[in-house]
Amino acid sequence: QLLFNINSMYSNKCNVNILTDLMIQHGINTVVMCPGSRNTPLLNNFNESPNFQCFSVTDERSAGFYALGLAQMAKRKVAVCVTSGSALLNLLPAVAEAFYQRVSFLVISADRPEAWIDQLDGQTLHQPNALKPYVSTSVSLPEPLNSEQEWQCNRLVNEALNRFNAPEACPVHINVPISEPLFQFNQAELAPQRKITSYFSVSPNQSGMEQVARLLLQARRPIVVLGQGNYTLLNKEHIDFLNSVAVLLTEPLSGIDALSNFDDILSAHINDDRLLPDFVLYVGESVVSKRLKHFLRKQKEGNQVRFSTQKNIEDTFSHLSLLIKCSAIEGLKALYSTCSALQTDSHLMVTDEQLKEKKAYISLWSDLSCKVKAVRNDFKPIYSSMQAVALFEQEIAQQQVDCAVHYANSSAVRLANIYASHRIYCNRGVNGIEGCLSTAVGMSLDNSANVFCVIGDLAFFYDQNALWNNHLKGNMHILLLNNSGGGIFNMLPNISETASYETFVKAHHNANAQGICQQNNVNYMAVHNEEELKSLLPQFVSHCGDRPILLEVFTNQQQDTEALKTYYQTIAQLSTKK
């Protein structure tokens, strides 16, 4: 908790107090707070109220991802508060990531008086709407001088906080101009504010759902894709039903145990027209697999359907024909109920030939999945990042660790798609490398279970300020894969022929994390070969103490590339076998 020597008094700023009281009424209970002077009235109020848990993070870019991690892990209602000026702009990467992950958190920015914008005064810039189009609502509060302006301020805050609580999850921005003097704290309590309650419909259109159900049941080669999301509210019967009527494609981002090695299958069979669907239902958010996107964009016939709460049309696979406005969970539940009713309807025309072809199609994917899974299980990668992830996943399974695992973008999450058999977290909204570590640390702040972050070197060093705060706990484990640059680019054809490749594309470096760990009191271990990796990995996974632990795995980029290429070559040989 932050501490102010103010004798438990609130600010005298009317707009700050209106915002504070309405945040409490709307259930916002966590604030990530960045230092500053202009936002001191806000920081003081949040710290003084027993309704908020407060976390101090100095780096605003990191703080935004802390808020994202807290929001997605603990399902808290989270705000992040920054001071005026460029501080707000540093939140943009995290806000964009949250926008595309459909995660809500509230951005609160202190601001200078409007009269001084563009007048060459310090830390003044255009803050209202600075985060658009990545927030659902952006309001700038007045500094009330009369009852009408107080009414306006109350209305604007309620408007923003109702959007914050809407089913269409999205960040919301409230800008709070605060005039000097800033540091007057003489209000013993907050004046009760009018709360405006809104209700939003989350039920999918029934006639539209009936159309989707008929298309699915009558399809001969149906595919259902579950993208990133939280599907814990689905029952086993919902998943079993989808597996029975379609090829259900999932990645570890969804946490659903279905056909999750489709990317490996497509690495060898992407040109096999037998796998092309005549119906696709896409639910949830992003998928990692670029191969799947290319493959489904080749669909030659039939329909593509999308369940989404977004206002815009998301035509990811290029052949969208039907859009149902609903959440993933509500849509899948409604689809199950509708299909169950239709299957008893004598007017549903599904021939024996259609059922036979559908069964053969599902079996084709299932057989290929089993063959590819056997290759993965038998494949022993050389010492590499691939081997490190394989052994890490094996170790957390053997130790049955209660944990959440965040994989950073780039190579790490692609290795997770090969080896992870549980739900993983990843910043796949924008797919940037910034903020990966901060998001994972944010997840660990309000979580009794272990949190693991598997991260590459460029992503780690870019976000090293995630470790620069006073909230780190011993449940945080960092597996750092250091191959001295952007090794993933080695997998791209012809890119290494450019003269700028080593220095500017891969950003080759000789950095290590030991000094960073020392300055932030993080336990540090390092390995340089397979023997050391196998020796220290169990200790890393089982670590239990007051401080985080980091295991740095030093690998060679050529060996990292060789391990992956050998793996895919082994899978490719399956396509040549009869």
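All residue numbers refer to positions in the sequence shown, counting from 1. Please read all numbers here as calculations on a predicted model, not as lab measurements.
Of all heavy-atom pairs spanning I324 and P204, the tightest one is CG2-CB, 3.9 Å. Across Y66 and V441, no two heavy atoms sit closer than the pair OH-CG1, 3.1 Å. For the pair I270 and K298, the tightest heavy-atom approach, listed with the atom from each and the gap, is O-NZ, 2.9 Å.
Considering only heavy atoms from C-beta on, L332 comes within 4.5 Å of L242 through its side chain. Between F452 and V401 the shortest side-chain heavy-atom distance falls below 4.5 Å. Looking only at side-chain heavy atoms (C-beta outward), I223 and F279 stay at 4.5 Å or farther from each other. Put simply, the side chain of P93 does not reach to within 4.5 Å of the side chain of V430, judged on heavy atoms. Contact annotation: the side chain of R214 approaches that of L342 to within less than 4.5 Å [non-hydrogen atoms, C-beta and beyond]. The side-chain heavy atoms of F295 and H269, taken from C-beta on, include no pair separated by under 4.5 Å. For the pair M209/F307, a side-chain contact is recorded, criterion being any heavy-atom separation below 4.5 Å from C-beta on. Proximity of V288 to N431: side-chain heavy atoms (C-beta onward) are nowhere separated by under 4.5 Å.
The local environment of CD in Q398 is crowded, with over 12 non-hydrogen atoms from other residues, nucleotides or ligands closer than 6.0 Å. Residue-environment remark: NZ (K356) stays at or below the threshold of 12 foreign heavy atoms within 6.0 Å. By the 6.0 Å contact criterion, OH on Y524 is enclosed, its count of non-hydrogen atoms from other residues, nucleotides or ligands being greater than 12. With a 6.0 Å radius and a threshold of 12 heavy atoms from other residues, nucleotides or ligands, D367 has its CG atom above the threshold. Counting non-hydrogen atoms of other residues, nucleotides and ligands closer than 6.0 Å to CD of Q206 gives a total above 12. Environment of NZ in K333: crowded, with over 12 heavy atoms of neighbouring residues, nucleotides or ligands closer than 6.0 Å. Counting heavy-atom neighbours within 6.0 Å of D257 CG, excluding the residue itself, gives a total of 12 or less. No more than 12 heavy atoms of other residues, nucleotides or ligands lie within 6.0 Å of NZ in K359, so this atom counts as exposed by the packing criterion.
Put simply, the side chain of D463 gets close to the backbone of S438: a donor and an acceptor are under 3.5 Å apart. Of the possible polar contacts, none joining the H406 side chain to the L437 backbone as a donor-acceptor pair under 3.5 Å is found. No donor-acceptor pair closer than 3.5 Å links the side chain of D457 to the backbone N or O of F461. A donor-acceptor pair under 3.5 Å is absent between the side-chain atoms of Q400 and the main chain of A397, judged by distance alone. Put simply, the side chain of N482 gets close to the backbone of A511: a donor and an acceptor are under 3.5 Å apart.
A salt bridge links E357 and R221; the closest N-O separation between the charged side-chain nitrogens and carboxylate oxygens is under 4.0 Å. Between R428 and E97 there is no salt bridge, since no side-chain nitrogen of the basic residue lies less than 4.0 Å from a carboxylate oxygen of the acidic one. Ion pairing between a basic and an acidic side chain is recognised when a charged N comes within 4.0 Å of a carboxylate O; E251 and R423 show no such pairing. Comment: R291 engages D263 in a salt bridge, judged by a side-chain N to carboxylate O separation of less than 4.0 angstrom. In summary, E530 and K534 engage in a salt bridge, as defined by a charged side-chain N under 4.0 Å from a carboxylate O. The residues D264 and K373 are annotated as not salt-bridged, no charged nitrogen and carboxylate oxygen being separated by less than 4.0 angstrom.
Between F554 and H528, the ring planes are parallel. Angles under 30° get that label, and only those over 60° would be called perpendicular.
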>> One pair to check against side-chain contact (heavy atoms from CB on, under 4.5 Å): D560 and M386. What are the steps and the verdict?
In response: CA-CA 7 Å; D560 283 354; M386 186 179 192; over 6 Å; no
>> As a quick check of understanding, evaluate side-chain contact (heavy atoms from CB on, under 4.5 Å) for C403 and V451, giving each step before the final call.
In response: CA-CA 5 Å; C403 64; V451 174; over 6 Å; no
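A side-chain donor from one of S321 and N303 sits under 3.5 Å from a side-chain acceptor of the other. For the residue pair Y336 and E237, a side-chain donor N or O sits within less than 3.5 Å of a side-chain acceptor on the partner. With 3.5 Å as the limit, one finds no donor-acceptor pair spanning the side chains of E285 and Q101. No hydrogens or angles considered: nothing links the side chains of S62 and N465 as a donor-acceptor pair under 3.5 Å. The closest side-chain donor-acceptor pair between E314 and S308 falls under 3.5 angstrom. For the residue pair Q558 / E562, no side-chain donor-acceptor distance below 3.5 Å is found, with atom types taken as modelled.
Taken to the nearest 0.5 Å, the CD atom of Q464 stands 10.0 Å off from the SG atom of C517.
Relative to the six-membered ring of F317, R297 misses at least one condition, a distance below 6.0 Å or an angle of at most 45° to the axis.
Shown are S244, P222, S363; of these, the side chain to side chain contact (heavy atoms under 4.5 Å, CB included) with K358 is made only by P222.
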